[in-house]
Every structure is written in C-alpha cells, then in structure tokens.
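Lettering of chains follows the sequences in order, A, B, ..., and the numbering in each one begins at 1. Source: prediction; values computed, not measured.
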There are 2 protein chains.
Amino acid sequence: MELEQNQLQKAVPYYEQLQQTLKTRIWNGLYKPGERIIEAQIAKELSISRSPVREAIRALINEGLLVTDEKSQIIVYEPSILDVKEIYECRIALESAAVALSAERITEEQVSDLEKILQETETAIKQGDKEGLVACNAKFHQYIIICSGNSRLKKLVDDLQSLTHFFRVINIEGPNRGETILKGHKEIFEAIKKRDPEQASRKLADHTREDLANIIQIIEQKGER
Amino acid sequence: MELEQNQLQKAVPYYEQLQQTLKTRIWNGLYKPGERIIEAQIAKELSISRSPVREAIRALINEGLLVTDEKSQIIVYEPSILDVKEIYECRIALESAAVALSAERITEEQVSDLEKILQETETAIKQGDKEGLVACNAKFHQYIIICSGNSRLKKLVDDLQSLTHFFRVINIEGPNRGETILKGHKEIFEAIKKRDPEQASRKLADHTREDLANIIQIIEQKGER
DNA sequence: AATTTATAACCTGTCGACAGCCGACATAAT
DNA sequence: ATTATGTCGGCTGTCGACAGGTTATAAATT
C-alpha cells in the first residue's frame, strides 16, 4: 500500500525536530526580530531538557536565524538593509557561478523539470497564490543549483536560504512582481537551454539585482510609515 | 602602566577552546582522515564533561572538518579529488566576486597593506620558509575578502577556509610553486590597484584554477606510489 | 571449523542539577 | 533625593547519570 514505509526510520532526535520547529516559528514571526530566546524557557515549554534545545539553537545560529550578542545572549535575527545587500551579493556570487555550471552540465530531463517549475509558477500567479509563488521562486533557484552538480555549492546556497526566505516573502509584494519575476526566470531558463553559460550567468545576476532593488524599496517604504 | 589591561576579558568557554584544539589536531594529522572521533573519549582525555565536547564537535561538523556517517558516527574529513574540485569551484565563485568588489571599494591604505603581504611572501620564498609561505598565501586571499567590505562573503569564505587549509599545504609542493603563486598574486594585485574589477576577477579565477590543477596533479601523483 | 547465540562493552541522545555571572529590585547610607 | 550596598532570581556553561540501540566478544551448537 502507498502509505507503507518500506524502511523504518530511526527516530528523529529532538534537537533536529526542534530546529525545524524553531525555524518556522521565526519565519512566521512568532518570535519577533530582535526578541531574546531563552533555552530554559523553550525546554520547559516543550517539557524536554535543555540539551537538545541548546543544540537546536546552536544550529540555528549557524544558519544565521539566531544571533549571539556580546553577553552571549541569543536573539532573533533582524534583517537590515545593509544585510540584505550583503546577502544578495553573496547569492549573486554563488548562484551566477552555479547557473554557468548548470548551463554546461544540465541534462535534457532536468531542462524539462525546470520548465515544469516555470509552468507551476505561471499557475500560481494566475490564481493569486502568494505562498505558492514564493515556493516556486525558491524551487526554481534551488533546482538550478542542483543542476550545477556541485554539492558544496548547493550547501553554501542552502545556508543562505534560511535568511533569503524572509526577503523572498517581501519580494513578491509590489506592483506586478509575479510577472516580473517570471519573466526573469524565463530569460534565465532560455539561456540555460541554449547552453550559454555566460548569458545565463549574466541574466541571473541581473534578475537577482532587480529582486534586491525591489526588496530594498519595499523595506524603505515600510520604514517611512 | 603598559601591561595593565583596560578591560577584563570573559573566560573563553571550553567548547570554543576545544574547537580550536581539535581543528589543529586534524590539520596536523593527529586525527587521520576517516578516523572515528568519540565524544566520551575526548572528554575523558581532557577531563571535562561531554557537553562542551559535543558542542565543539558540532561546530567542526559545520566547518566540514568532521563528518557524520549514516549511523551518526563522527569521522574525520577525508579529502577526495571530486571534493577538491567542488571546493575550488566554490572558492572561485566567492573570491572572484569578492575581488571585483574590492577593486571598486579598496582604500589606499589597504592597497599598501596588500603590497606588504606580497613582500612578506617574497621573503618567505627566499628563505625557503614553507610554513610562512602557506600563511602568506592564506593572508593574501583573506585580506582581499576583507577589502570587499562584505562580512557575509567573508564568513562564507572562512567556512571553506578550514578545508582549504589542507590543500594550501599540498599546493606549495611541486616545482617552483612559490614563484608561480607569487606571480599570480602580483597580477591580481595590479588589477586591484588599477581598480579594474573585471580583470581582477579574471586573474583571480585563473590563478585559483592553476592552484587547483597543481593540487590535483600532486594528489594523483601521490596516489600512484 | 563455521555459524549462531548470548553477553558485555560502548556510544549517542537526553536528563536533572549546580556554580558563576549579571541585572533588577530593595534597602541602607550620605 | 541620590548614591551605595545587599539580596534575589534568572540564564549560561558544565557536570555526572541513565536509557536505548549497536557493535564486538565470547560461548554454544551443529
């Protein structure tokens, strides 16, 4: 039967589950940016000991979603404009290199997978499905990295991913964002399909810089109110 | 008086000290690649409890110097040729982006700092000081990242740094390596000095690819014996 | 001798406890 | 009233202990 698991999985340790839990709590704004996080408090809330909580927190610090201040207190990551710029510079460095590799190495099958993602994106836009759009956006970028065939590159991008998530959510705000993003993706896709690393790389960098500009504008706009 | 410290420093926690200790042990080959590492064992050896050891190990896993296998056993990182290639692709992506930024943003003072590093390198070569050469090489690359002014970019490169260390040591083996490396660095330096991001980026990528080719050759050579 | 079974040794994930440090609040001194 | 002193509570870093799952070792069976 379909539901059957063909292989038992070892119990997922608390600290891993917790890492996921905390991550979504942060993403969903349950913990506010700048808010202090306390090991013992979370441990008590979930009726587990501090050890797994500690490990989960350490992992999230590595992901950048939590930050330690001078007094080794732990607070939730607070995006700043400077930081957005830095993160996007990193993404451009990593992803434009990745897409160049992908354009060289991608298989026919992967090309059609990519195309499928673009179609999904189109559907999401038509239905006004914002969450779906964010997901498709992430999926497109992620799949390109996978096609590069470099697992370390993928890991580096994934590490940035937790932070990028914030901005992806912001990024779909603004006039005609869905269409603009899709257009950018299509151009990147075409360059990959033509196996033109140089162009793919440039298109991706342009596209990402455009995202960045949009995000900054929205943040500044919000700040004014 | 001069010796007076104007500010007390908080004690460095065990887990941080230990992280450093373990790192150098791995670098120095005290723990062999592929060798298994056991929390309790290290804890006992150093007469501390498992908690700080655990945290140090987790940190090193993040750096890539330790790896968990399927049974969540912990073993020392084992460089492979595929891996070297992947890591160097990542370095090229990150560092060539960084050097482009540096060429745009570098200050006069930083330019002369960089030049000083090149002079040190020259001295190290003349004196046949291999360790000094490795250090200078690392210093040069690192300082370029700093000049880019992007702290996240720096962190990403630093993360790779722990692994890169292995290969830097290998890289100075081979005929005329010191001179070749220095020549590459000088070219990069000149491009930065001219504030030519495009050229700096290209020179760095070429230089790094050359390092990679050399490293691979040496590794393969060793394998044959 | 080869294979199975039964123990024993080991390791990781988790727990509860304690010490030292820091800040908050309260109380005392000028 | 303001500054100084003292106490309390909270939080992090560290400790030792235990449970459950694995692996290795030794005994038993064929």
Does atom CD of A:E45 have more than 12 heavy-atom neighbours, drawn from other residues, nucleotides or ligands, at distances under 6.0 Å? yes
In plain terms, say whether A:E120 and A:K139 are close enough for a salt bridge, that is, a side-chain N and a carboxylate O under 4.0 Å apart. yes
D:dT14 phosphate, OP1 or OP2: any side-chain N/O from B:Y15 under 4.0 angstrom? no
Check this one for me: any side-chain N or O of B:R54 less than 4.0 Å away from OP1 or OP2 of C:dG13? yes
Testing A:E55, A:R58, A:E63 one by one against A:Q19 for a side-chain hydrogen bond (donor to acceptor under 3.5 Å, both in side chains), which residue passes? A:E63
Are the side chain of A:N150 and the backbone N or O of B:E86 linked by a donor-acceptor pair below 3.5 Å? yes
Can you tell me the distance, in whole Å, between the CD1 atom of A:I61 and the P atom of D:dT12? 10 Å
Nearest-Å distance for atom pair CD/P, residues B:E39 and D:dT14: 15 Å
What's the closest nucleotide to the side chain of A:I38 if the choices are D:dT14, D:dT12, C:dG16? D:dT12
Please check the phosphate of C:dG13 (OP1 and OP2 only) for any side-chain N or O of B:R58 closer than 4.0 Å. yes
Write down the distance between CD (A:E16) and P (C:dT14), rounded to a whole number of angstrom. 9 Å
Presence of B:S49 side-chain N/O under 4.0 Å of D:dT14 phosphate oxygens OP1/OP2: no
